[in-house]
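Beneath this line is the structure, given in structure tokens, with notes to follow.
Numbers here are sequence positions counted from 1.
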Amino acid sequence: MVEAMTTGLTPERYGVLDRLRGVAALLVALYHCARVGTPQLVPSGFLAVDFFFMLSGFVIAHAYQHRLEKGMPLGWFMVLRLVRLMPVVVIASAMGAVYLILRWLASPEDSDPLWMIAGSSVINAALLPKPWIGPVSGGALFPGNGPLWSLFFEVIINAVWAIWLIRARVAVLAVLVGTAAIIFGAISVASGTTSIGWEWASFVGGLVRVTFGFGLGVLIYRLGLAPKITSRWTSLLALPALVAALMLPVQSVWWQIGLVLIVLPAILIAGAVNIGPSRVDEYLGRLSYPLYGVHVPIIFVSGGTVSIIAPSYDGAPLIFLSVAFSVLFAAIVLKLYDEPLRAFLMDKVRARRDSRVAAPTSEAAARVS
């Protein structure tokens with residue numbers, strides 16, 4: 001949700017990871033279909049978020065570790081992260097607002113007041129959580145487009161990593177990850193689920209969840225585990241293992257904890273073979289983030305439309321079709337909005353940075369002359 005959903009920033013590329021994040025984003029979309037009336041095909045699909053956190057830690061460490069150690073300013077790193085994340089956040093929040101307004105028009109009694117919808121949508125567009133408890137939305141941090149909660153925590157852990165964890169010894173990082181794993185397990189058992197962090201009631205659980213996932217990804221990179229274990233042959237197991245882990249019809253919280261603490265890290269290590277991606281893999285990697293951002297409003301509007309127009313009709317086929325439409329729309333967003341806007345913003349911030357660097361030099365030259 002995240003750098004895990006972008007192409008690499010260095011010449012080396014992890015093609016299998018591109019493939020994994022693309023498929024994981026699709027499985028998340030299928031998981032959310034059950035929220036509006038389809039059979040649940042991906043019972044553990046929400047755990048793809050934990051996999052994205054792990055991917056993010058691994059890929060960001062790969063892309064930025066040495067650059068930050070060589071003097072990249074923290075502010076520049078955070079600007080790069082926000083340029084990467086915010087275009088999709090803005091359009092995803094706008095789509096979430098449209099969904100909430102349509103829901104309010106169709107059934108005001110089942111919706112928050114319009115002023116709350118407008119306020120939360122503006123706040124969410126800045127990648128900030130809704131600060132109040134809504135009469136219908138409750139403590140949901142991002143009521144119009146739930147998956148954005150993970151991006152909020154992603155920005156927090158990115159900053160913590162760049163400020164502190166990048167300089168932490170491996171032993172310190174391992175203790176932090178182990179402690180987060182224990183707390184994550186305890187909170188999950190107490191809650192009866194590992195689906196925590198998306199609402200105020202489990203906010204601390206979200207912090208622990210992202211700390212474990214991202215920190216583990218960084219730790220795997222720092223220890224160099226993947227090159228020692230992974231080969232082209234073992235990487236072939238990564239995708240079927242990910243699909244099986246998220247689709248097996250097991251609901252136990254202990255199963256979920258086992259997936260997060262053991263299975264998903266093993267899949268990351270198995271897939272982290274440093275090979276160039278195929279065109280399909282590369283495109284899946286690029287498409288994954290827009291798909292993650294836009295699919296929920298599309299699926300929820302489709303489900304709501306079916307329930308209003310044809311309440312006695314089995315709307316599952318149409319809702320599943322909305323997943324295909326989400327993929328198509330994500331491709332359009334990627335091509336016509338996300339990538340062009342990011343390129344434009346990068347040109348602007350680079351020009352601003354270069355002008356600031358050049359200004360002191362010019363002033364010094366003027367004083368000398």
Side-chain angles (χ1 to χ4, degrees), residues 1-14 17-18 21 52 55-94 122 124-128 148 151-168 214 217-218 221-222 274 276-277 282-283 285-290 292-293 330 332-369:
M1 48 275 311
V2 292
E3 186 67 26
M5 299 179 180
T6 70
T7 53
L9 298 180
T10 63
E12 299 80 15
R13 290 289 300 277
Y14 293 88
L17 298 187
D18 280 331
R21 59 184 173 238
F52 288 142
L55 274 170
S56 182
F58 183 89
V59 174
I60 285 184
H62 171 68
Y64 289 107
Q65 177 91 31
H66 297 301
R67 297 168 69 181
L68 285 165
E69 289 174 342
K70 291 180 180 180
M72 172 186 278
L74 171 64
W76 181 242
F77 168 72
M78 292 307 299
V79 166
L80 293 178
R81 298 303 302 131
L82 291 174
V83 168
R84 178 64 189 96
L85 295 173
M86 289 308 295
V88 167
V89 168
V90 170
I91 194 171
S93 298
V122 172
N124 289 169
L127 197 53
L128 296 172
L148 296 182
L151 303 181
F152 166 71
F153 283 108
E154 172 82 12
V155 171
I156 292 175
I157 198 65
N158 283 181
V160 171
W161 173 74
I163 293 170
W164 172 51
L165 291 179
I166 193 171
R167 291 184 292 274
F214 186 92
V218 173
Y221 176 79
R222 292 274 298 273
N274 198 338
E282 181 180 5
Y283 189 72
R286 290 166 52 209
L287 185 65
S288 60
Y289 180 43
Y292 185 77
I332 295 172
V333 168
L334 176 70
K335 181 67 175 179
L336 301 182
Y337 167 77
D338 182 37
E339 291 184 336
L341 181 55
R342 283 192 285 119
F344 172 79
L345 292 174
M346 282 305 304
D347 287 342
K348 291 296 183 182
V349 297
R350 284 195 180 105
R352 188 180 182 89
R353 180 195 61 178
D354 293 345
S355 66
R356 288 183 174 180
V357 171
T361 303
S362 300
E363 293 171 3
R367 288 195 296 270
V368 171
S369 61

Find the distance between [atom1] ([X]) and [atom2] ([Y]) and round it off to the nearest 0.5 Å.
| X | Y | atom1 | atom2 | answer |
| --- | --- | --- | --- | --- |
| Leu17 | Ser288 | CG | OG | 11.0 Å |
| Asn158 | Leu82 | CG | CG | 9.0 Å |
| Arg342 | Leu85 | CZ | CG | 9.5 Å |
| Phe344 | Lys348 | CZ | NZ | 4.5 Å |
| Ser56 | Phe153 | OG | CZ | 14.5 Å |
| Phe77 | Met72 | CZ | CE | 8.0 Å |

On a heavy-atom basis, which atom in [X] and which in [Y] lie closest, and how many Å separate them?
| X | Y | value |
| --- | --- | --- |
| Ala125 | Val90 | O-CG2, 3.9 Å |
| Leu148 | Leu127 | O-CD1, 3.9 Å |
| Gly293 | Ala92 | O-CB, 3.1 Å |
| Pro73 | Leu68 | O-CD2, 4.4 Å |
| Val333 | Pro290 | CG1-CB, 4.4 Å |
| Ile166 | Arg222 | O-NH1, 4.1 Å |

| Member of Val160, Ile156, Ile157, Leu165 meeting the side chain to side chain contact (heavy atoms under 4.5 Å, CB included) criterion with Phe214 |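 Answer after filtering Val160, Ile156, Ile157, Leu165: Ile157.
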(Q) Show, in sequence, the C-alpha distance, side-chain angles and deciding distance for Trp161 and Gln65, and conclude whether the side-chain contact (heavy atoms from CB on, under 4.5 Å) test is met. (A) CA-CA 10 Å; Trp161 173 74; Gln65 177 91 31; 3.7 Å; yes
| message | I'd like to know if Asp338 and Arg84 make a salt bridge, using a cut-off of under 4.0 Å between side-chain N and carboxylate O. | response | yes
- Salt bridge Arg286-Glu339, side-chain N to carboxylate O under 4.0 Å: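 Salt bridge present between Arg286 and Glu339.
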Practice prompt. Test Glu69 against His66 for side-chain contact (heavy atoms from CB on, under 4.5 Å), laying out the working first.
Written response: CA-CA 5 Å; Glu69 289 174 342; His66 297 301; 3.6 Å; yes
- Task: Taking the six-membered ring for Trp and the single ring otherwise, decide whether the centroids of Trp76 and Tyr64 are under 6.0 Å apart.
- Result: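 No, ring centres 6.0 Å or more apart.
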Test side-chain contact (heavy atoms from CB on, under 4.5 Å) applied to Ile91 and Tyr337, step by step: CA-CA 9 Å; Ile91 194 171; Tyr337 167 77; 3.8 Å; yes
Could you walk me through whether Met78 and Val155 pass side-chain contact (heavy atoms from CB on, under 4.5 Å), step by step?
CA-CA 8 Å; Met78 292 307 299; Val155 171; 3.9 Å; yes
